[in-house]
Amino acid sequence: MTDINNAKTNIETTGFLDIDVDINIDLFAEIENLKKKKNAIILAHYYQEPDIQDVADFIGDSLGLAQQAEKTQADIIVFAGVHFMAETAKILNPTKKVLLPDLKAGCSLSDSAPPALFKIFKEKHPDHLVITYINCSAGMKALSDIICTSSNAEKIIESLPKKQKIIFAPDKNLGAYLNKKTGRNMVLWNGACMVHEIFSLEKILRLKIRHPQAQVIAHPECEDAVLAVADYIGSTTGLLKYSQQSSSQEFIVVTETGILHQMQKESPYKTFIPAPPNNSCACNDCPHMKLNTLEKLYLCMEYEQPEIIMEENLRIAAKKPIERMLEISKKYGL
Ligand code: 13P
Ligand code: SF4
């Protein structure tokens, strides 16, 4: 068994505290104790595993999580999500200790936009304003004018004059969807999410034949052909609300499978069918989100590591466009 000092030293390589957890421990009870003892709050994204969602104080989409992170009075923010989300929490609330159960919980979409390359791209479009999806690094945020999420992107774009030229990064699928919705012609960075690009249109259409009453509900990170067959398109919170409010009893859910836990909890008598990927893998599970486990969550709360540390100049530069997003969202009651 690895001892705690070795585990702390190795965290750069492992991404998490690699220590065995006593099998007899009630992790749910221990995590509750640690929350009280340390004045800690657990913020979890809908794509986290069900056990993590069940111990969280707040479960939400990227916008909801950022808003909670900004206003919390807790001393420690335990972020059960991916790195860019925890980083956003630190940017907004720097005096808090922000913990991420596994530092290697990254994001393929964020990785598809390296700041150094984006800077060159941006320089080629000097008269454009940069709207960047929150799924990106702090370095990318620092190069942006306004950040957006899938729940406020449309409103943010529409808050700008029609003739304003815009670069949208990093998600080309979300960007194309927004171009259609708003009638703009934003220049798109060529990035994508590995999970939302894997869904099979053919398999979704086959499912529709077997479940003719089912509504297809999809996240806007999906490809255009998939979105074209959706009855509703929205952020994870949007999808959850729609599934609650719709009179439909059956849904084919085209996003990461973690969201099904809350959908089923909120509407126990409705049927939720995860949309299948285009091969036999479990690729509709985000491998990054699923790096966090209940054991890693417990260990990071007990030993207060891994922690998000940021260089202050970068934090300040990245904060500006997030604040613009939060101001516009507030104006629209989002
Ligand atoms: P939202 O939860 O904001 O809809 O984003 C989905 C996502 O891909 C997060 O990584
Ligand atoms: Fe990133 Fe896609 Fe995973 Fe969301 S689902 S964290 S966009 S890789």
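Start at 1 and go down the list; that is how both ligands and their atoms are numbered.
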Review point. For ligand 1, is there an atom lying under 4.0 Å from some heavy atom of Cys193?
Key: no
Review point. Does a side chain donor of either Asn278 or Ser200 reach within less than 3.5 Å of an acceptor in the other side chain?
Key: no
Check your understanding: With only distance considered, is Ser235 within less than 3.5 Å of ligand 1 through an N or O on each side?
Key -> no
Review point. With atoms numbered from 1 as shown, which atoms in ligand 1 lie under 4.0 angstrom from a non-hydrogen atom of Glu221?
Key: 6 (C), 7 (C), 8 (O)
**Study point:** N or O contact, His196 vs ligand 1, cut-off under 3.5 Å
**Key:** no
Review point. Looking at atom 3 (O) of ligand 1, what's its closest protein heavy atom, distance included?
Key: Ser62 OG, 2.9 Å
Review point. Does some non-hydrogen atom of Thr149 fall short of 4.0 Å from ligand 1?
Key: no
Review point. Around Lys119, counting heavy atoms of other residues, nucleotides and ligands shown, do more than 12 lie under 6.0 Å from its NZ?
Key: no
Exercise for review: Among all protein heavy atoms, pick the one closest to atom 1 (Fe) of ligand 2 and tell me residue, atom and distance.
Suggested key: Cys107 SG, 2.4 Å
Review point. Would one find more than 12 heavy atoms of other residues, nucleotides or ligands at under 6.0 Å from atom CD of Glu311?
Key: yes
Review point. Is Asp61 reaching over with its side chain to a backbone N or O of Ser235, donor-acceptor style, under 3.5 angstrom?
Key: no
Check your understanding: So, does Lys203 use its side chain to make a donor-acceptor pair with the main chain of Pro277 at under 3.5 Å?
Key -> yes
Practice item. Please verify whether a non-hydrogen atom of Tyr46 lies at under 4.0 Å from ligand 1. Key: no
Practice item. Compute the minimum heavy-atom distance from Glu221 to ligand 2 and say whether it is under 4.0 Å. Key: yes
Exercise for review: Starting from atom 4 (O) of ligand 1, find the nearest protein heavy-atom neighbour and note its residue, name and distance.
Suggested key: His219 NE2, 2.7 Å
Point to revise | Side-chain heavy-atom pair Ser267, Phe251 within 4.5 angstrom cut-off | key: no
Would you be so kind as to tabulate the donor-acceptor pairs closer than 3.5 Å made by side chains of residues 253-263, with sequence neighbours excluded?
from, atom 1, to, atom 2, distance (Å)
Thr255, OG1, Tyr47, OH, 2.6
Thr255, OG1, His196, NE2, 2.7
Glu256, OE1, Gly258, N, 2.7
Glu256, OE1, Lys290, NZ, 3.0
Glu256, OE2, Cys286, N, 2.5
Glu256, OE2, Lys290, NZ, 2.8
Thr257, OG1, Asp285, OD1, 2.3
His261, NE2, Asp54, OD1, 2.9
Gln262, NE2, Gln53, OE1, 2.8

Point to revise | Identity and separation of the nearest protein heavy atom to atom 7 (S) of ligand 2 | key: Asn135 ND2, 3.2 Å
Practice item. Step through the shown structure and confirm whether more than 12 heavy atoms of other residues, nucleotides or ligands are within 6.0 Å of CD on Glu312. Key: yes
Point to revise | Flag, side chain of Asn93 to backbone of Ala69, donor-acceptor distance under 3.5 Å | key: yes
Practice item. Would you mind listing which atoms of ligand 1 come within a distance below 4.0 Å of any non-hydrogen atom of Tyr133? Key: 5 (O)
Practice item. Under 4.0 Å from a heavy atom of Ser150: give me the atoms of ligand 1 that qualify, with their elements. Key: 1 (P), 3 (O), 4 (O)
Review point. In terms of atom number and element, which parts of ligand 2 are under 4.0 angstrom from non-hydrogen atoms of Cys193?
Key: 2 (Fe), 5 (S), 7 (S), 8 (S)
Point to revise | His288, Glu256, Met85: member with heavy atom nearest to atom 9 (C) of ligand 1 | key: Met85
Check your understanding: Which atoms of ligand 2 sit under 4.0 Å from any heavy atom of Cys286?
Key -> 3 (Fe), 5 (S), 6 (S), 8 (S)
Point to revise | Over 12 non-hydrogen atoms of neighbours within 6.0 angstrom of NZ in Lys155 | key: no
Study note, to complete from the structure: Closest heavy-atom approach to atom 10 (O) of ligand 1 among Leu239, Leu63, Asn135 is made by Asn135
Review point. Hey, is ligand 1 close enough to Asp61 that some N/O pair sits below 3.5 Å?
Key: no
Exercise for review: Determine whether the aromatic ring centres of Phe121 and Trp189 lie less than 6.0 Å apart.
Suggested key: yes
